[in-house]
A.B. asks: 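Have a look at the structure that comes next, please.
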There are 2 protein chains.
Amino acid sequence: MKTAKTVASLKTVASLAGVSIATVSRVLNGDPVVKDETRLAVQRAIKTSGYHPNRVAQRLRSTNRSKKLIGLLIPDIQNPFYVDVIRGIEEYAYANGSAVVIGNFSQDPKREKLYIDILRSESVDGFIVAPSHGKDEDVEELINDGHAVVCIDRGLSNLNVDVVKSDNEKGAFNAVAHLIKLGHKRIAHITGDPAIPTTQERIAGYIAAHKHYGLRVDQKIIKGKESNFISGVEITKQLLALPERPTAIFTANNLLTLGALETILQQELKIPEEIAIVGFDDVYWATSLNPPLTAVRQHGFEIGQRAIELLYQRIQQPDRLPANVIVKTELMIRRSCGFK
Amino acid sequence: MKTAKTVASLKTVASLAGVSIATVSRVLNGDPVVKDETRLAVQRAIKTSGYHPNRVAQRLRSTNRSKKLIGLLIPDIQNPFYVDVIRGIEEYAYANGSAVVIGNFSQDPKREKLYIDILRSESVDGFIVAPSHGKDEDVEELINDGHAVVCIDRGLSNLNVDVVKSDNEKGAFNAVAHLIKLGHKRIAHITGDPAIPTTQERIAGYIAAHKHYGLRVDQKIIKGKESNFISGVEITKQLLALPERPTAIFTANNLLTLGALETILQQELKIPEEIAIVGFDDVYWATSLNPPLTAVRQHGFEIGQRAIELLYQRIQQPDRLPANVIVKTELMIRRSCGFK
DNA sequence: ATTAGTTGTGAAAACGTTTACATAAATCCA
DNA sequence: TGGATTTATGTAAACGTTTTCACAACTAAT
């Protein structure tokens with residue numbers, strides 16, 4: 001027969017040590033007031049009973065928490081960028097005895113809302129969110145209700161909030177500048193979902209690079225619909241069918257890059273001789289591609305770390321002015337753009 | 001000034017509706033005993049007060065939970081296979097109003113233990129675990145203490161427990177058989193960490209295929225140290241340096257595959273003409289590789305789904321006999337092995 | 001020897017639920 | 001009409017903590 005052992009509680013420990021539960025609680029929380037003798041007795045009782053504090057009861061009772069529970073809302077767990085972010089957050093949480101609840105809402109605002117509700121009623125101590133869009137009312141409400149919230153990857157247009165994100169414009173600028181310096185004159189840009197702020201920033205970087213190097217911008221080869229693989233395939237097809245075909249493509253994220261690569265491969269075009277490519281998002285398999293992919297590296301791990309640091313701060317002083325952390329990107333130059 | 005609004009509780013709703021908290025609770029839980037009139041009044045009060053049940057209090061009080069909290073222990077969140085598993089679990093959880101707490105322990109048993117402790121004291125309703133090794137005492141203890149546990153990817157040697165995993169041996173068999181049928185006679189196998197059960201099963205499949213087709217097994221070209229990228233690089237180098245070089249490599253997971261690919265690329269060997277490759281783990285970027293990768297597909301999403309289904313069952317009837325679910329694999333034939 | 005202060009501990013309330021039990025009101029049947 | 005039954009609701013305990021307050025036992029000061 002399998003029955004759940006009744007786990008040791010404060011009461012168990014208290015009677016074992018011959019003290020009240022209050023005293024046990026004091027020992028657990030390191031209250032210096034308890035006599036050394038009692039402390040030892042209690043500690044012994046804790047050991048022998050195998051007591052572990054019940055975090056649920058702790059969370060219900062106290063507002064002043066050291067072992068935190070963090071809610072994390074991720075738009076797409078399949079995207080390796082977010083996986084890096086998660087790892088950064090999780091590393092820090094682990095080091096501080098905190099736990100992380102992850103909700104992966106797959107870019108679906110309805111699902112995002114459900115998760116917010118769940119996490120709220122789990123009374124998590126704070127949220128880290130990549131809002132599904134710039135005007136995300138559910139996240140706004142969360143903040144207005146006094147919850148600690150840090151945004152990653154994208155901010156909120158209506159509200160001043162802690163944000164940690166990449167320097168998207170600069171990253172795009174560098175990528176395109178690299179192509180221009182290699183002699184490319186006709187560079188297409190496959191953008192992500194135009195509704196997402198990062199998309200716009202990357203477009204801005206693309207244009208800025210053209211301006212900076214005195215190259216004309218052709219709006220017809222800046223195209224994008226959604227931020228996924230399919231969209232990458234479709235738009236690459238359109239671009240490759242153009243009478244005046246671009247010599248290079250700059251893709252706005254790793255899924256678009258994959259779509260582009262697959263299409264180029266199918267049409268048996270040589271990279272970089274016939275078409276060069278540089279992508280936003282460096283991924284761990286970029287060096288195993290043939291040829292290895294030149295890519296804009298976002299420091300996802302660091303973004304995650306900064307986000308949770310900010311969140312801890314925000315929990316401690318809710319009135320601190322919102323911070324805006326911009327994390328640098330890095331252009332990883334490999335062979336997919338060719339050499340000069 | 002930013003102060004947390006005091007959220008509505010049963011008490012708020014009760015006084016608003018002019019009933020007792022017990023009645024409100026009954027309405028919330030769909031108890032048919034309440035009069036329609038009162039039910040309506042209460043529902044109105046719930047609406048206007050914006051009440052959401054506090055899951056922490058619910059969890060503290062009752063043992064009979066419908067909205068579950070599931071603890072998920074993942075060895076390596078960077079591995080896309082586990083990401084698929086997570087998605088499967090999470091999809092089901094979402095559909096049932098449950099939440100998932102993820103702990104990513106990065107193959108570190110100490111970290112695994114910490115997470116188990118945390119999740120335990122968060123009183124999660126059940127655990128889904130990929131044990132860090134076959135004799136995982138922490139997981140065993142969990143089960144012995146009466147918790148609901150389902151293992152994925154690997155079982156427990158000492159204990160009979162619900163397990164969901166791929167048919168590793170068959171998958172490996174098919175991959176190697178495919179190579180043999182294409183005419184390869186000297187096929188190397190880069191294995192994962194020999195301590196992990198799946199590694200052994202895949203080796204068994206490799207050998208079985210050789211036996212089945214009357215091919216001699218050369219133990220010298222079955223090599224492996226760890227299950228990571230570095231190991232893939234190292235062992236591929238050794239294999240390629242062999243006087244009698246293999247014509248094909250079968251890699252035991254996606255990270256090893258990447259290591260192998262990078263090495264082959266660096267040595268400028270042509271795939272599949274000079275060296276063919278087939279990998280365990282199909283990944284979403286396999287079709288964008290040049291050439292596209294032939295791979296054994298594990299149905300991670302389904303594995304996740306089956307696991308959480310089993311977990312729900314186990315929670316409801318703790319004494320049910322442990323199930324052992326084997327999920328089929330599928331060989332995705334692409335161009336990295338060449339054509340006949 | 002009395003008072004004042006200090007030190008260590010316990011009793012009890014509170015957090016927001018669920019639920020066993022009690023009870024008031026309404027209905028039934030003889 | 002009156003007792004038994006049913007129906008709907010309320011009261012209060014319990015879950016495992018934290019925390020306020022009270023208090024007993026000392027110690028120190030007069």
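Each chain gets a letter, A, B and so on, in the order the sequences are listed, and its residues count up from 1. In this text the structure is predicted, and so the values were computed from the model without any measurement.
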A.B. asks: Are there any protein N/O atoms within less than 3.5 Å of an N/O atom in nucleotides 7-12 of chain C, and if so, which ones and at what distance?
C.D. replies:
residue	atom	partner	partner atom	Å
dG8(C)	OP2	Val33(A)	O	3.3
dG8(C)	O5'	Val33(A)	O	3.4
dT9(C)	OP1	Thr38(A)	OG1	2.7
dT9(C)	OP2	Lys35(A)	N	3.0
dT9(C)	OP2	Thr38(A)	OG1	3.1
dG10(C)	OP2	Ser20(A)	N	2.8
dG10(C)	OP2	Ser20(A)	OG	3.1
dG10(C)	OP2	Thr23(A)	OG1	2.7
dG10(C)	N7	Arg26(A)	NH2	2.7
dG10(C)	O6	Arg26(A)	NH1	3.4

A.B. asks: Specify the separation, in whole Å, of atom CD of Gln58(B) and atom P of dG16(D).
C.D. replies: 17 Å
A.B. asks: Between CG of Leu69(B) and CD of Glu122(B), what distance do you get to the nearest 0.5 Å?
C.D. replies: 7.5 Å
A.B. asks: On DNA chain D, does the nearest nucleotide to Ser62(A) precede the nearest nucleotide to Arg61(B) from the 5' side, or the other way round? Give the residue.
C.D. replies: Arg61(B)
A.B. asks: Using OP1 and OP2 only, check whether a side-chain N or O of Asn54(B) sits under 4.0 Å from dC15(C).
C.D. replies: no
A.B. asks: What is the distance from atom CG of Asn324(B) to atom SG of Cys151(B), rounded to the nearest 0.5 Å?
C.D. replies: 10.5 Å
A.B. asks: Would you give me the side-chain donor-acceptor pairs under 3.5 Å for residues 301-313 of chain B, sequence neighbours excluded?
C.D. replies:
residue	atom	partner	partner atom	Å
Tyr312(B)	OH	Ser98(B)	OG	2.4
Gln313(B)	OE1	Arg320(B)	NE	3.4

A.B. asks: Under 4.0 Å from OP1 or OP2 of dT17(C): is there any side-chain N or O of Ser25(B) that close?
C.D. replies: no
A.B. asks: Just verifying a value: how many Å separate Tyr94(A) OH and Phe105(B) CZ, rounded to the nearest 0.5 Å?
C.D. replies: 11.5 Å
A.B. asks: Taking 4.0 angstrom as the limit, do Glu137(A) and Lys113(A) come out as a salt bridge?
C.D. replies: no
A.B. asks: When the distance from CZ of Arg55(B) to P of dG16(C) is rounded to whole Å, what number comes out?
C.D. replies: 17 Å
A.B. asks: With rounding to the nearest 0.5 Å, note down the distance linking CD1 in Ile143(A) to CD in Glu141(A).
C.D. replies: 11.0 Å
